[in-house]
Amino acid sequence: MTCLQADRFHNFTIYIMTEEIIIAGFGGQGVLSMGKILAYSGVMQNKEVSWMPSYGPEMRGGTANVTVIVSDERISSPILNAFDTAIILNQQSMDKFEKAVKPGGLLIYDPNGITRHPSRKDINIYSIDASDEAGKLGLSKVFNMIVLGGFLKLKPLVAPEFIHKGLEKSLPARHHKLIPDNEKAIEIGKGLLKPLNVLN
Amino acid sequence: MGELRLMKGNEAVAEAAIRAGCDGYFGYPITPQSEIMEYLMAMKPYETTGMVVLQAESETASVNMLYGGAGTGKMVMTSSSSPGISLMQEGISYMAGAELPALLVNVTRGGPGLGTIQPSQADYFQAVKGGGHGDYKMIVLAPASVQEMADFAKLGFELAFKYRTPVMILSDGAIGQMMEKVELFDPIARRTDAELIAQCPWAATGKPKNRDHIIITSLDLDPAGQERVNLKLQAKYRQIEKDEVRYEMISCEDAEYVFVAFGLSARICQKSIDIARAKGIKVGLFRPITLYPFPVKQIAELAKKVKGMLVVEMNAGQMIEDVRLAAGCSLKIEHYGRFGGIIPAPDEVVRAMENQIIGG
């Protein structure tokens, strides 16, 4: 959400941005790491961030979700029940989080495996065929970065140079050779969005 | 500006302990705090600063290693989660009695018993009212962010040595597991033996010929002697209550109603303030940072200015007893809590304020 605040001491207005995001899918899809890369990129740009995973006894194959908040000001609750953006990668998460998007907010989902597509008319909805594309290009390891690219196209919260730094910081050194693939995937994702419901 | 990192609360408290010059960590794994020892083991401070990191055979062993380390003046810490901290209560009481400095981190989970591994604040009573036996107090710091997990490790050691008392960081599973931006303070070198002997004349550091034995004990079989020990402890606690109260007030200047909450609940209430103020309800937040010493005077002052207080806790109503004692009987003060690992949502807290305090 972007809100306007009058600066009391100077004669201009400043924009204070806070974006509250839920990323949800199966464990193993890279949900948590997508959130971490976004959050670390925010840190690199000196924004306030929080990354709050659902944690529990379930592991690979179970559902996983993470709440990521990127803001220009101090973050209040790291745990939320309404979101500016939902990034959804499986049906269970669609059932749970479509209704949690704030009116006027954004829902991005990969239609692979989705049987009940989102139907709300009061939010912006885009699909992104990331898993298909990742399979075609042999980039299945960076599937999550294709999705992140789609999100960043619509909400450019963090500048590309800081995404690069965020990747360097989030990935262990032995995976740094994969950074170019990650960045390529982000670029591919920016071109894959299909608008399904766009508000004026 | 210090180094910026994105870290889990558990990692931040571990990194900060190394940077604070900690001499030794003794612990036993338990969710949701296992990353503390995992991080320390991965960082291998025993190869750099010389800090010992040891997995003990149990929590009981950990806390007694803490007693031994603290007795030699070393800067020592342990960490655990609720059931493990219960096992340590005897050792905490002994350390309080023997006036030993140590840092304990409790990353709490839902109880009672084995409970859940999800966040909870149900260990408030245990931490601030003396979970072990005898008339003792422990300084209790309640972080509400990953940054404070780091900052309070350093502060906790400072207070522990200043007052020769155990200090607890009372955190919860959410603060331990979530990642936020942290600005890390520059590392402080571990004390040399000479510095330690100079700073801790009470510590068992080896007997030179020109002085008597140093005896570290909580035992005095003579009741008069044991009463003197207690009077000394109580005088120390009065000093702590006078000098070490810490708290934060948010949006209280014009508030008609306030939330009182610590740790994660206080973060949730900050969002609730935004929601309530958008509806035109003037609410603020009082956040005790030290749970012991409790900000009694500050809550009493605030109670004179507002129409009601809602104490929000992830428990069945523990801190509310201290809030009511501080604020007196004339003000409407109610509790809103979720238990067993359920975290209240910001809008749910606003509804509780509307139903229980404003409309109630």
### Query
Relative to chain B, which segment of A/Ile69 carries a heavy atom at a distance below 4.5 Å: side chain, backbone, both, or neither?
neither
Which side-chain N or O atoms in residues 103-113 of chain A pair as donor and acceptor under 3.5 Å with protein atoms at least two apart or in another chain?
unit_1	atom_1	unit_2	atom_2	d
A/Tyr109	OH	A/His117	ND1	2.7
A/Asp110	OD1	A/Asn112	N	2.9
A/Asp110	OD1	A/Ser131	OG	3.4
A/Asp110	OD2	A/Ala130	N	3.3
A/Asp110	OD2	A/Ser131	N	2.8
A/Asp110	OD2	A/Ser131	OG	3.0
A/Asn112	ND2	A/Ser131	OG	3.1

### Task
Against chain A, work out which of B/Ser145, B/Gly173, B/Pro344, B/Cys269 has the most heavy-atom pairs shorter than 4.5 Å and name it.
B/Gly173
### Salt-bridge contact A/Lys165-A/Glu168 (side-chain N to carboxylate O under 4.0 Å)
no
### Query
Is the closest basic N to carboxylate O distance between B/Arg277 and B/Asp254 below 4.0 Å?
yes
#### Entry: Contact class of B/Ile175 relative to chain A, heavy atoms under 4.5 angstrom
neither
#### Entry: Sidechain N-carboxylate O distance under 4.0 Å for B/Lys181, B/Glu183
no
### Message
Out of B/Gln270, B/Met178, B/Met179, B/Glu180, return the one with the most heavy atom pairs under 4.5 angstrom to chain A.
### Response
B/Met179
### Query
Hey, are A/Asp181 and A/Lys141 close enough for a salt bridge, meaning a charged N less than 4.0 Å from a carboxylate O?
no
### Query
chain A: which of B/Ala266, B/Ser265, B/Ala174 shares the most heavy-atom pairs with it under 4.5 Å?
B/Ala174
#### Entry: Check ion pair B/Glu15-B/Arg19 (N to O, under 4.0 angstrom)
yes
### Query
What part of B/Leu264 gets closer than 4.5 Å to chain A, counting heavy atoms only: side chain, backbone, both or neither?
side chain
#### Entry: Residue-level contacts of residues 35-44 of chain A with chain B, using a heavy-atom cutoff under 4.5 Å
A/Lys36, A/Ala39, A/Tyr40, A/Val43
### Task
Output yes when A/Lys194 and A/Asp129 qualify as a salt bridge under the 4.0 Å nitrogen-oxygen rule, no when they do not.
yes
### Query
Does a salt bridge link B/Arg351 with B/Asp347, judged by any charged N lying under 4.0 Å from a carboxylate O?
yes
